[in-house]
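In this text, all values refer to a predicted model and were calculated from it rather than measured experimentally. When reading the values below, keep in mind they use all heavy atoms of this one structure, side chains included, and skip hydrogens, waters and symmetry mates. Chain identifiers are assigned alphabetically (A, B, ...) following the order of the sequence lines, protein sequences preceding nucleic acid strands; residue numbering begins at 1 within each chain.
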Amino acid sequence: MRSDNFFQDVYDVVRLIPRGRVTTYGAIAAYLGATRSSRMVGWAMNASHSQHDIPAHRVVNRQGMLTGKMMFAYPMQMQELLESEGLRVKDDRVEGFDLFFWDPVMELNQ
DNA sequence: TGTGTGACGGGCG
DNA sequence: TCGCCCGCCACAC
């Protein structure tokens, strides 16, 4: 479901992330065929402010860190949203990140 | 029209 | 293992 809009593609993928699961900027970029454009995924998320149907809190960096929490209404919101889905966050990092990692390249595209 | 910048990631020394 | 550098590209000024 690739569109001609990179941002829209990013949003489409993010919306598919299951509740209680997380993915990374790089994974999304790779799924969109732009492995080296992970920065653009972050940029797209930054622009997702206006959209309220984007679970941006489920997107973290490859270390499972909540690097984008400062962009939320208030910093702790990102952690609170993740915890409300059953995840645990410690020192701005998702505990057991590997276990909850949702890879669009593996889960979709089949 | 040109330039700087950014919720990143991978490669290299 | 750690730090630095570079690619990448849409967008704001």
Side-chain angles (χ1 to χ4, degrees):
Chain A
M1 57 152 96
R2 298 285 311 277
S3 72
D4 59 339
N5 187 313
F6 187 84
F7 276 33
Q8 198 56 56
D9 290 337
V10 172
Y11 298 151
D12 285 341
V13 176
V14 175
R15 271 194 287 260
L16 295 174
I17 303 173
R19 177 184 169 79
R21 301 293 296 283
V22 292
T23 192
T24 70
Y25 304 98
I28 294 174
Y31 175 70
L32 297 178
T35 311
R36 300 170 198 171
S37 301
S38 50
R39 295 184 82 170
M40 288 317 304
V41 176
W43 188 247
M45 297 314 295
N46 182 39
S48 75
H49 283 194
S50 52
Q51 324 245 341
H52 59 352
D53 59 336
I54 310 291
H57 59 286
R58 295 178 187 150
V59 183
V60 296
N61 72 2
R62 74 164 180 172
Q63 299 171 60
M65 295 184 73
L66 285 52
T67 52
K69 69 172 192 173
M70 299 308 284
M71 312 308 289
F72 284 74
Y74 54 97
M76 291 304 290
Q77 184 177 48
M78 187 173 189
Q79 179 173 329
E80 291 175 359
L81 288 170
L82 289 171
E83 294 182 326
S84 72
E85 297 186 355
L87 296 176
R88 284 178 302 182
V89 179
K90 182 177 183 180
D91 296 329
D92 294 340
R93 189 175 61 76
V94 177
E95 293 194 293
F97 169 68
D98 293 341
L99 302 176
F100 301 107
F101 177 54
W102 182 84
D103 185 353
V105 178
M106 297 295 288
E107 307 295 335
L108 306 177
N109 210 30
Q110 59 181 326

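Ring planes of A/F97 and A/F101: tilted class, angle from 30 to 60°.
Counting to the nearest Å, the C1' atom of B/dA7 and the CE atom of A/M78 are 7 Å from each other. Regarding A/I54, its CD1 atom lies at a distance of 14 Å from the C1' atom of B/dA7, rounded to whole Å. Regarding A/R93, its CZ atom lies at a distance of 21 Å from the P atom of B/dA7, rounded to whole Å. In this structure, A/M70 places its CE atom 11 Å from P of B/dA7, rounding to the nearest Å. One can place CH2 of A/W43 at 8 Å from P of B/dG6, the figure rounded to the nearest angstrom.
Side-chain contact of A/E107 with A/Y31: a donor-acceptor pair under 3.5 Å is absent, judged by distance alone. Checked by atom type, the side-chain pair A/E85/A/H57 shows a donor-acceptor distance below 3.5 Å.
In plain terms, the two heavy atoms of A/L87 and A/G20 that are nearest each other are CD2-O, 3.4 Å. Considering all non-hydrogen atoms of both residues, A/Q79 and A/V89 come closest at CG-CB, 3.5 Å.
With values rounded to the nearest 0.5 angstrom, A/D103 atom CG is found 6.0 Å from A/T23 atom OG1.
A 4.0 Å heavy-atom criterion places the boundary nucleotides of DNA chain C facing chain A at C/dG7 to C/dC11, written 5' to 3'.
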Nucleotides 8-13 of chain B: protein proximity per nucleotide (B base, S sugar-phosphate only, - neither; heavy atom, under 4.0 Å): BSS---

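Secondary-structure stems of DNA chain B, taken as three or more successive Watson-Crick or G-U wobble pairs (i with j, i+1 with j-1) under a 3.5 Å distance threshold, comprise B:2-6 with C:9-13, B:8-13 with C:2-7.
At distances below 3.5 Å, not a single donor-acceptor pair connects side-chain atoms of A/R88 with backbone N or O atoms of A/E95. The main-chain N or O of A/F7 is found under 3.5 Å from a side-chain atom of A/N5 such that the two form a donor-acceptor pair.
Residue A/D92 is tested with A/K69, A/Q63, A/M78 for a side-chain contact (heavy atoms from CB on, under 4.5 Å); the sole match is A/K69.
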Check step by step if side chain to side chain contact (heavy atoms under 4.5 Å, CB included) holds for A/I54 and A/M45. CA-CA 9 Å; A/I54 310 291; A/M45 297 314 295; 3.9 Å; yes

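Contacts of A/A29 with the nucleic acid, taken as non-hydrogen atoms under 4.0 Å apart, are absent.
A/V60 and A/I17 sit in two unconnected hydrophobic clusters of ILVMFWY residues. Membership requires side-chain heavy atoms under 4.5 Å apart, directly or through other members.
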